[in-house]
Amino acid sequence: MTVPHPLASSEEPVGYDPTAVEAKWRARWAERGTNTTDLNGPRPFYQLMMFPYPSAEGLHIGNLYAFTGNDIHGRFQRQQGHTVLEPLGYDAFGIHSENFALKMGVHPMELIPRNVANFRRQLDRAGLMVDWRRAVDTTDPAYYKWTQWVFLKLYERGLAYKKQAAVNWCPSCKTVLANEQVEGGACERCKTTVEQRALEQWFFRITEYAERLLRNLDWIDWSDSTRMAQRNWLGRSEGAELRFRVLDPLTDAGSAGVMVSQEITSGSTVIPVFTTRPDTIFGATYLVLAPEHPAVEQVTTSEQRAAVEAYRETARKQDIVSRQVNKDKTGVFTGAYAVNPASGEMIPVWTADYVLMGYGTGAIMAVPGHDERDFEFAEKFNLPIPRVVAGPDDNAHTPLAAAYTDDADGRLVNSDQFDGLAVADAKRQVTDWLTQRGAAKPVTSFRLRDWCVSRQRYWGPPIPIIYCDACGTVPVPEKDLPVVLPNVPDYKPDNSGVGPLARHEAFYHAPCPTCGKRARRETDVSDTFLDSAWYFLRYPSVPRDDVPFDAETTKRWLPVSAYIGGNEHAVLHLLYARFINMVMFDAGLVPAEEPFVKFRAHGMIIRDGSKMSKSRGNVVNPDSIMDQWGADTLRTYLMFIGPFEEGGDFRDQSISGVRRFLDRLWASVRDAQADGTPDTDVMRKLHQTIKKVGGDIAALSYNTAIAAMMEYMNALRRGERVPHVAEAAPLVSLVAPFAPHIAEELWEMLGNAGSVFDAGWPTVDEALAREDALELVVQVNGKTRGKVKVPRDVTQDTALAAVQGDVNLAKFLTGPPKKVIYVPGRLLNIVV
RNA sequence: GCCGGGGUGGCGAAACUGGCUAGACGCGAGGGACUUAAAAUCCCUUGGGGGUAACCCCAUCCGGGUUCAAUUCCCGGCCCCGGCACCA
């Protein structure tokens, strides 16, 4: 028995029912293979979106916002005749998943597949043009086999190395973190204050690529904000490394207070320092070594040893936060003196924690007169503060109330033969002079550090290394990959500094690949960001299992044509991915140095003025919105909220306007008449709209594209107007990227076979789109007073005559025109 | 502190390289038509002030400036968001 549709039984025509329409087209797309990409198709276009971490909470509206924005762009490119690859996958390894699994008491190997299934269900509803045959899951051995391969590739190229270093240790996550994962001294995940620990860790030599990573930022087509964030992160400074000889307490004994030879003698301890202001060398009145600096031990005199040791011990215990800004300067004198290579003066050597071991050489020359930090330190410890740079209003003797740091207007003073030079010239000349004397070399320093990739956790790809007593560090041969992560019930992290796998003999016992003797596997896993640093290379080659990415396919599909994602990954994922891609490029495995030719950062969706969060209870659940309004309405509404690259404020009430628009679209197509002739004005508006919507989508200006379609809809159905088919039909193609399900249904309703996405983009009739009569804006004394209708290519005189002949405008002309400004096609400004 | 991006109606927001009477489009609000009524739909109004009216004045964070013309350019200031930050 069939239940009559409530509307079907009445006289009323059938209205728009998103639930039915969307279910129908989900099935139809699957049946027809509409979303599967033929990788050999013409004009490849690789549309990439950032793959999600499949959380237990399910799809976040922010995910959907990003995916929809990508999907619209991808669908539009398909309508432009490209073969579009729009893949998606799951970034399912990592601490986040693991912590959640621990909390729930469910093993990640059980939990993750569940989450993935739920994500897949939600994503299916969203109407994305994703080719699911190419999905990747980073936790699948078939995927992480190649993540391990990437590690080995770097190892092979000398870019992966193990060292003992002071690393960021999160006591809550019980693992080390990369610098990129520490925010203001706290773990970016759990906000716990990070400690310093000396551990042996695997690092990637990303610093070797710093210069290239920076240089390419000049030309890649990326959002400015993202490029700037990377520039700041890389932190390039140009300057010089200056060498300071420390006086030997034995041979130079008794010379304190006496000017010593300006010659730099070899054989003694030499402290290199990095400075961006070599011009201020004459004002360097003391040296400072970081407490961890190895030379501290060498130079400290016996009298000062106890004090220095105590200070270093305190510094060692300190966490990173308490060494941050605004802290009072502390430090101790080592008892040693060094020679200023420019002035020949003896200057004391201090150790202080305001100097960081990780940057430059871990030592500085202090110029209190021209550096704020040195000034503060010198004041506190009563060290001399000479002036060596004078501003336009100062002379050599003007006292310094604060450090004078301006390097644009200053000139050198109290600097012997360099007096009078501008800072910029002095930087160069002083460096040259000191270089000739063997006391300097020009260097460039980066803020970027090497990428620490070891994690003392369970839920990641095991690092494919074996340690053999006889052969040393041996990489796992490619044929033995993957090193499978074992399913063990005991996977809790501990404080030992090694990963949980170190507790599982069955895992770590392995024969040495070289000599076959009993050896031990590395038990740390790699950083999740390694999984996502190469996933875009994998998609086109899924499901090949003999190579990570097929050479021919990769050449055809890489680099990525358009990548749209969140800016929170500006210095994490996006930097790592560029680095890994660059390494692969150097290895001849990928066709381009830069993986993402075009990247756009989208904005963030907030709700009712504030960030969505569980604690605020203002999280939007995509499922319930889709239940109530339909996926097409949600998609279109998300894009209508505000500029895609800026984000917007989700307001439940406002969504009704978008639904109304789709209802009206439905009714327009349903009721459209094929008889008669279309209205010329409406047709003109149509062609103007086709043009505008196309331009706006290409520029990701989705909100104005939707506004333009709504505006056209208002013209189409002005009053109780019944549109002509020729007026209504093309609108279906324009709406399609935003609301794909309803578009397909209406496309079919119009009598078309096949998918609207394979039918191309409507052609703009430029002649029709152009207005033949022009409304020229008329200003009098710069104030707009009205418009006159004139022919398109009117001359200034004719236009002026038209104004004078118009009663409403002529009255503003209180005198003869003194001056007339005519902007053809735009306006006429008459000055009287 | 340095570097990016912003500040426009009750709200989300438009306005291409300075130029179509700033505020498109949508939400909300008010009024009307249809209806026994409601919903839905359709129409009108909606930055502020003044005027019976045609109209006039003010208004794009604040203060100056350039220009025939400024939301748009320049100088100075305030505020918000994001990145970096004892990085020498």
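Proteins get letters first, then strands, A, B, ... in listed order; numbering begins at 1 in each. Treat the numbers as computed from the prediction; the structure is a model and nothing was measured.
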Tell me the interatomic distance from [X], atom [atom1], to [N], atom [atom2], rounded to whole angstroms.
X         : N      : atom1 : atom2 : answer
Asp652(A) : G28(B) : CG    : P     : 12 Å
Lys685(A) : A24(B) : NZ    : P     : 13 Å
Asn567(A) : C81(B) : CG    : P     : 17 Å
Leu234(A) : C3(B)  : CG    : P     : 18 Å
Tyr637(A) : G28(B) : OH    : P     : 11 Å
Tyr702(A) : A13(B) : OH    : P     : 18 Å
Lys783(A) : A70(B) : NZ    : P     : 9 Å

Looking only at atom [atom1], what distance separates [N] and [M], rounded to whole Å?
N      : M      : atom1 : result
G18(B) : U71(B) : C1'   : 11 Å
U41(B) : G26(B) : P     : 13 Å
C55(B) : U21(B) : P     : 15 Å
C44(B) : C62(B) : C1'   : 38 Å
C25(B) : A38(B) : C1'   : 29 Å
G9(B)  : A13(B) : C1'   : 11 Å
U46(B) : A54(B) : P     : 13 Å

Check each of Asp328(A), Thr330(A), Asp374(A) against Tyr354(A) using the side-chain hydrogen bond (donor to acceptor under 3.5 Å, both in side chains) test, and report the only one that passes.
->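 Going through Asp328(A), Thr330(A), Asp374(A) one by one, the side-chain hydrogen bond (donor to acceptor under 3.5 Å, both in side chains) with Tyr354(A) is satisfied by Asp374(A) alone.
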Between Trp222(A) and Phe599(A), how do the two ring planes meet: parallel, tilted or perpendicular, split at 30° and 60°?
->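 Rings of Trp222(A) and Phe599(A): tilted, 30 to 60°.
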I want to verify a distance call: between [options], whose nearest atom is closest to the [X] side chain?
X         : options                : value
Asn703(A) : A14(B), C27(B), C25(B) : A14(B)
Ile821(A) : C42(B), C68(B), A24(B) : C68(B)
Met228(A) : A88(B), C68(B), C3(B)  : C3(B)

With no angle test and no hydrogens, is the base of C68(B) tied to the side chain of Arg826(A) by a donor-acceptor pair under 3.5 Å?
->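 Between C68(B) and Arg826(A), which were checked side chain against base, a qualifying N/O pair under 3.5 Å is absent.
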Just jot down the salt bridge (Lys or Arg N to Asp or Glu O under 4.0 Å) partners of Glu711(A), sequence neighbours excluded, or say none.
->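 Applying salt bridge (Lys or Arg N to Asp or Glu O under 4.0 Å) to Glu711(A) gives Lys685(A).
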